[in-house]
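By convention here, the first residue in the shown sequence is residue 1.
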Amino acid sequence: MDSLLLKKYVGHYVFTPTFSMDITVEEGKLVAQPVGQPKTVMLAEKDNYFCALEKDACLEFLINETGSCNEAVLHQGSSEHHGKRQ
């Protein structure tokens, strides 16, 4: 996947007052790291939808009308959690 596309998702996302995660790009791959937890490589399913290889979790990045991303949705099992980019 194009690293320029991945870089638009890089940032710190806050899902709840006690749960947030950092999104980075390492070696051309999107990496999610919930605060206090290990890093997880996210594999692209679509341009804005990535799933963790070893866990039942996916991240969907919401793109606004200007083409930037200010929100992510964590899909885990049957639940969804929205996180705002800080």
inquiry  = Is the shortest side-chain heavy-atom distance between L5 and D47 below 4.5 Å?
reply    = yes
ask   = According to the interplanar angle, ranging from 0 to 90°, do the rings of H75 and Y49 count as parallel (below 30°), tilted (30 to 60°) or perpendicular (above 60°)?
value = tilted
query = Within a strict 4.5 Å, meaning less than it, do heavy atoms of the H12 and S20 side chains meet?
reply = yes
request  = Identify whether the distance between the nearest side-chain nitrogen and carboxylate oxygen of K46 and E60 falls below 4.0 Å.
outcome  = no
query = When rounded to the nearest 0.5 angstrom, what distance separates OG in S68 from CG in L62?
reply = 11.5 Å
message = Does K29 have more than 12 heavy atoms from other residues, nucleotides or ligands lying within 6.0 Å of its NZ?
response = no
remark   = Value for CE (M21) from OG1 (T40), rounded to nearest 0.5 Å, stands at 8.0 Å
key: Centroid-centroid under 6.0 Å between F19 and Y13 rings   = no
query = For the atom pair NZ (K84) and CD (Q86), what is the distance rounded to the nearest 0.5 Å?
reply = 10.0 Å
key: E27, CD atom: more than 12 neighbouring heavy atoms under 6.0 Å   = no
inquiry  = To the nearest 0.5 Å, what is the distance between CG on N70 and CG on N64?
reply    = 5.5 Å
query = For Q76 and H81, does a side-chain donor sit closer than 3.5 Å to a side-chain acceptor?
reply = no
Closest contact, heavy atoms only, A57 versus M42 = O-CE, 4.1 Å
Separation between CG of N48 and SG of C69, rounded to the nearest 0.5 Å = 8.5 Å
ask   = If you take all heavy atoms of L6 and G28, which pair is closest and at what distance?
value = CD1-O, 3.4 Å
task = Considering non-hydrogen atoms only, spot the tightest contact between E80 and H82 and give its length.
result = OE1-NE2, 3.9 Å
request  = Drop me the distance from R85's CZ to K8's NZ, to the nearest 0.5 angstrom.
outcome  = 10.0 Å
key: Contact check, side chains of I23 and L30, non-hydrogen atoms, under 4.5 Å   = yes
Non-hydrogen side-chain atoms of F15 and L74 separated by less than 4.5 Å = yes
